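For reference, the structure discussed in these notes is given below.
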There are 2 protein chains.
Amino acid sequence: MSNNQFKRGELYSVVNGMATTAVARRLQKNFRNAGLDITIEQWSVLYHLWKEDGLSQLELGNRTFRDKASTTRLIDNLEKQELVVRVASKEDRRINLVFLTDIAKPLQQITYELANQTMNEALLDITKEEIDIVKNVFQRVYDNLTNKDLL
Amino acid sequence: MSNNQFKRGELYSVVNGMATTAVARRLQKNFRNAGLDITIEQWSVLYHLWKEDGLSQLELGNRTFRDKASTTRLIDNLEKQELVVRVASKEDRRINLVFLTDIAKPLQQITYELANQTMNEALLDITKEEIDIVKNVFQRVYDNLTNKDLL
DNA sequence: GACATATAGTTAGTTATGCAACTAATATAA
DNA sequence: TTATATTAGTTGCATAACTAACTATATGTC
């Protein structure tokens, strides 16, 4: 019985991640209130394209922690809303490169503001040190669970 | 610009909650590998019933951070698998009380073990102090976002 | 007692998730 | 160079999420 174990009664609150769920829900609500008709999942894809346009679907899936099937569907929906377009790569025709449209580009500014505002609400009384610890723990937990798959 | 703000480039990793997602996925995988045919969402409901059997759907929704529609469907599926039964309350016939069946009861032991094992994998190198901080931050973030709705 | 309001739960509609099986294109190996 | 394996993406299937509109029961007020 290692000393870094949760008491049973606390297991679920960790697995569920109620805090991150609450943040996501609040951000979604703030998008809606601002008249933005995109889901936070769609936003998570746009977010990475704003940083680097023209990523492949697979790369987008890696960066947003999704499998390729989920990524396909998400991009289907983004394409339906004309926020992105798929362009087959010239070098490797198996690969779809995903590009932002002119409709998507102006959304960056507004959504960043809403995201920052949401984070400020969420992190109202949380210190910089606490945030650093949480981020660090998240990363290590993620590594603990994903590196093992390579062994 | 408050000092407890994430840099833009880090926003998404927080909203996404990649660590908690990874834990959930690993736990789901461990259930499957053990031949258990339940989802972690279903388990989250069973988890609360094992602690206190015969809760109403609404109460189960509160404890698992779900709205009532999601709770309805989840219990539909649990009932389909004969893991729970709905019993109308005698005092108030609007209320469905949810009870574990004899099929669900023996699952408690196995799933708790798998959950503990999963948490041990996830928290391998995380100290008790770090865990306490994360839990505390989660709770405060949750409070920050939900208390406001009451104002 | 009758009418309005609140509450618990269900249903319809849309989006998203994951797994497994599939297609098409590319890379490797005999 | 042909056969085999790998890779990127899609599709089918099942579960789950949220919102909004709905039903049925209970409560509160006049």
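From a predicted model like this one, the values you see are computed outputs, not experimental measurements. Sequence lines set the chain letters: A, B, ... in the order given, protein chains first and strands last, and positions in each chain run from 1.
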Okay, side chain of Gln42(B), backbone of Leu78(B): is any donor-acceptor separation there less than 3.5 Å?
no

Using whole Å, what does the distance between atom C1' of nucleotide dA25(C) and atom NZ of Lys90(A) come to?
17 Å

Rounded to the nearest Å, what distance is computed from the CG atom of residue Asp67(B) to the C1' atom of nucleotide dA21(D)?
14 Å

Any donor-acceptor pair under 3.5 Å linking the side chain of Asp53(B) with the backbone of Leu100(B)?
yes

Please tell me which of the listed nucleotides, dT19(D), dT26(C), dT17(C), lies nearest to the side chain of Arg93(A)?
dT26(C)

Are Ile38(A) and Val85(A) grouped together when hydrophobic residues (ILVMFWY) are joined by side-chain heavy atoms under 4.5 angstrom apart?
no

For the residue pair Tyr112(A) and Trp50(A), categorise the inter-ring angle as parallel (less than 30°), tilted (30 to 60°) or perpendicular (more than 60°).
perpendicular

Leu55(A) CG to dA8(D) P, in whole Å, measures 14 Å

Choose from dA16(C), dA26(D), dA16(D) the nucleotide whose nearest atom is closest to any side-chain atom of Leu74(A).
dA16(C)

Selection from dA20(C), dT15(D), dG9(D) that lies nearest to any side-chain heavy atom of Thr72(A)
dG9(D)

Rounded to the nearest Å, what distance is computed from the CG atom of residue Asp76(A) to the P atom of nucleotide dT11(D)?
7 Å

Reckon Asn96(B) touches a base, only the sugar-phosphate, or nothing at all at heavy-atom distances under 4.0 Å?
sugar-phosphate

From dT15(D), dA20(D), dA8(D), pick the nucleotide closest to the side chain of Arg94(A)?
dA8(D)

Scan Gln28(A) against the nucleic acid and name what it touches under 4.0 Å (heavy atoms): base, sugar-phosphate only, or nothing.
nothing

Backbone N or O of Thr127(A) within a donor-acceptor pair of the Glu130(A) side chain at under 3.5 Å?
yes

Taking the side chain of Thr39(A) as its heavy atoms from C-beta onward, which of dT10(C), dC19(C), dT15(C) lies nearest to it?
dT15(C)

Euclidean distance, atom CG of residue Asn62(A) to atom C1' of dA8(D) [Å, nearest integer]:
12 Å

Rounded interatomic separation in angstrom, taking CG from Asn33(A) and P from dT19(D):
11 Å

Side chain of Leu58(A) only, heavy atoms from C-beta on: which candidate in dA8(D), dA16(D), dA26(D) is closest?
dA8(D)

Does the side chain to side chain donor-acceptor pair (under 3.5 Å) test come out yes or no for Arg63(B) and Ser44(B), once each step is laid out?
CA-CA 9 Å; Arg63(B) 299 197 187 184; Ser44(B) 76; over 6 Å; no

What is the distance, to the nearest angstrom, from the CD atom on Glu41(A) to the P atom on dT15(C)?
12 Å

With a 3.5 Å cut-off and heavy atoms only, can you find an N or O donor on one side and an acceptor on the other between the side chain of Arg73(B) and the base of dA12(C)?
yes

Distance test, side-chain N/O of Ser70(B) to OP1/OP2 of dC18(D), below 4.0 Å
yes

Counting side-chain heavy atoms from CB outward, which of dA20(C), dC18(D), dT15(C) is closest to Asn77(A)?
dT15(C)

Result for 5'-nearest mapping on DNA chain D, choosing between Ser56(A) and Gln81(B), is Ser56(A)

How many Å lie between CG on Asp92(B) and P on dT23(D), as a whole number?
19 Å

Which sits closer to the 5' end of DNA chain D, Arg32(A) or Arg86(A), going by the nucleotide each is nearest to?
Arg86(A)

